[in-house]
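Encoded as structure tokens, the structure appears first; notes follow it.
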Amino acid sequence: MHDIRTIRADGAGFDAAMARRGLLPVSADLLERDAARRLAQTALQEKQARRNALAKLVGEGRRKGADTSALEAESTTLRDDMAALEQNAAALDGEIRATLERLPNILDPDVPDGRDETANAVVKQTGTPRDLGFEPKQHFELGEALGLMLFEPAAKLAGARFTVVRGALARLERALGQFMLDLHTTEHGYQEVQVPLLVNDATMYGTGQLPKFAEDLFRTTDGRWLIPTAEVPLTNLAAGDIVTEKSLPQRVTALSECFRSEAGSAGRDTRGMLRQHQFRKVELVSVTKPEDSEAEHERMTRAAERVLELLGLPYRRMLLCAGDTGFSSVKTYDLEVWLPGQGMWREISSCSNCRDFQARRMNARYRSTDGKTVMPVHTLNGSGVAVGRALIAVMENHQQADGSILVPEALWPWTGGMERIASR
RNA sequence: GGAUGGGUGGCCGAGUGGUUUAAGGCAGCGGUCUUGAAAACCGCCGGGGGUUCACGCCCCCCGUGAGUUCGAAUCUCACCCCAUCCGCCA
């Protein structure tokens, strides 16, 4: 949510920022309504002041036993005028708000121009795709051959975009999640949190899923929403709070199920478990002072990269272009992992700095140590990393010619020493 | 699902129609004292908005929304949330 004052200060600059997102100018219309709103509000407040004064006079008059009927009559006539002005101001305020809450965040100057993912920039690459010495298989070929990754039963139970994983592969996925969680809590300073997977409207609004992206979400019959990422509950932990400057930064992480309707991606990635209605993800969320968010963004992205490095997975860090950067983000790094079976780099993590955009929506603030100012915090979120996709990446990168899969050594403590997954 | 009790500033908590301009405490900030710290004492100290070059002045906010009234934290209605007990339940 944008501060109308920044638009007042530089409407042309704001329009230029929105143009980078491919949006038409809105500042002139907004400022016109803003001026009208303030006019109505000022007039209303003058009448409220008069009413307050009259009420005081009536009170004093009655105590003395004086006739106050003239004062009361004036106050009564004020009421009608006030109601009209109040309605006018509230309507304009609602219109301004309705526009503002659907406008995306202002992009960081670092973000390259571009309409889609083809304009994303490679920031760096770590590890190189290895020549396995044989024709690599895709994860679902490996999984089905092992008899441990099943799509027919999932379709029977729930439909398309679900997967049943069994046995050693199920254990491997569980190990991946535990490994990531333990890494971030013990080495990267994040506190583990268990969060609700069902949340209310206000929570979805706070992180920016609502009101614009309801069609991407699942809704329950009692009006709640299934979280598409733990970013939603983790970030909203700060909603409505004023915290002390000293308590920042706050870093939290959760391993959670995520639910996405995948509306609009019909036909994409239909084979395998790359794009599911339900998947697990370890999420990282940081709340910082404004001046710290940029450094925190790098730090968080490094934390996610560390996961891939320890798993021996080649990856590259992408800086998303204007057209590919999400609604709430000013700057996003995607981590793309190499999938030998697919022969492609695929997203496995996305780390975003939202600055004060979500904080304003959810009214999350901090008080400076000198007690003088209260300001919105900055919020950041990143996958650290997607567990289901990590399972795919481990399977495809560590597959052997015989169709077995070597378990990365980093996972052994969580796999009970299981070092290889093979059919038996 | 049923019953009862609640929701007041960063936190706790008083406040049942008009000196509430929301008491008091805690925390925080500044100061006195001290080698330093603590304690004690003194002062400052909620949020949002309008207006003003500024000082300041004004308006709104006591869970949310309607209503009654000259006037509402206080009265009425609806809704939301929390706690406890009962029922059901992993």
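Keep in mind it's a predicted model, so treat the numbers as computed, not measured.
If you check every strand for non-hydrogen atoms under 4.0 Å, A:R360 touches nothing.
Nucleotides B:G7 and B:A90 place their P atoms 35 Å apart, quoted to the nearest Å. Atom C1' of B:G9 sits at a distance of 13 Å from the matching atom of B:G48, rounded to the whole Å. For the C1' atoms, the distance from B:G6 to B:A73 is 15 Å, rounded to whole Å. For the P atom pair drawn from B:U76 and B:A72, the interatomic distance equals 16 Å after rounding to whole Å. B:G24 sits 16 Å from B:G46 when the C1' atoms are compared, rounded to a whole Å. Across B:U74 and B:U32, the matching P atoms stand 45 Å from one another, rounded to whole Å. Of the P atoms belonging to B:U20 and B:U68, the separation is 28 Å, rounded to the nearest Å. B:G43 and B:U51 have their C1' atoms separated by 30 Å, with the value rounded to a whole Å.
The shortest distance between the side-chain N/O atoms of A:R37 and the OP1/OP2 oxygens of B:G49 is not below 4.0 Å. Between A:R5 and the phosphate of B:G50, there is no side-chain N or O to OP1/OP2 separation shorter than 4.0 Å. A:R365 has no side-chain polar atom (N or O) that falls below the 4.0 Å cut-off from OP1 or OP2 of B:G47.
Rounded to an integer number of Å, the gap from A:D93 CG to B:G48 P is 16 Å. For A:R38 and B:U51, the CZ to C1' distance is 10 Å, given to the nearest whole Å.
Put simply, the side chain of A:T68 never gets that close to the backbone of A:V58: no donor and acceptor are under 3.5 Å apart. Judged by distance alone, with hydrogens and angles left aside, the side-chain atoms of A:D15 form a donor-acceptor pair with the main-chain N or O of A:V26 at under 3.5 Å. In this structure, A:S328 contributes its side chain and A:T207 its backbone to a donor-acceptor pair below 3.5 Å. No donor-acceptor pair under 3.5 Å is formed between the side chain of A:Q87 and the backbone N or O of A:A84.
Across all strands shown, the partner of B:A3 is B:U84, judged by Watson-Crick or G-U wobble contacts whose two distances both fall under 3.5 Å. Judged by Watson-Crick or G-U wobble contacts below 3.5 Å, the nucleotide B:U51 has B:G56 as its partner.
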With B for base contact, S for sugar-phosphate-only contact and - for none (protein heavy atoms under 4.0 Å), nucleotides 54-79 of chain B reads ----BBS--------BBS--------
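Taking the six-membered ring where the residue is Trp, the centroids of A:F162 and A:H277 are separated by under 6.0 Å.
Annotation: proximity of residues 236-249 of chain A to RNA chain B (heavy atom, distance under 4.0 Å) is found for A:I242, numbered in ascending order.
Residue A:R166 places its CZ atom among 12 or fewer non-hydrogen atoms of other residues, nucleotides or ligands, all under 6.0 Å distant.
Each of A:T369 and A:L39 was assigned the nucleotide of RNA chain B with the nearest heavy atom; the assignment lying further toward the 5' end belongs to A:T369.
Note that SG of A:C351 and NE2 of A:H297 are 6.0 Å apart. Values are rounded to the nearest 0.5 Å.
Electrostatic pairing of A:D113 and A:R20 counts as a salt bridge here, judged by a charged N lying under 4.0 Å from a carboxylate O. Between A:E283 and A:K281, at least one side-chain nitrogen of the basic residue sits less than 4.0 Å from a carboxylate oxygen of the acidic one, meeting the salt-bridge criterion.
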Candidate pair A:R33 and A:D93, rule salt bridge (charged side-chain N to carboxylate O under 4.0 Å, His left out), full reasoning: CA-CA 8 Å; A:R33 288 176 207 276; A:D93 195 57; over 6 Å; no
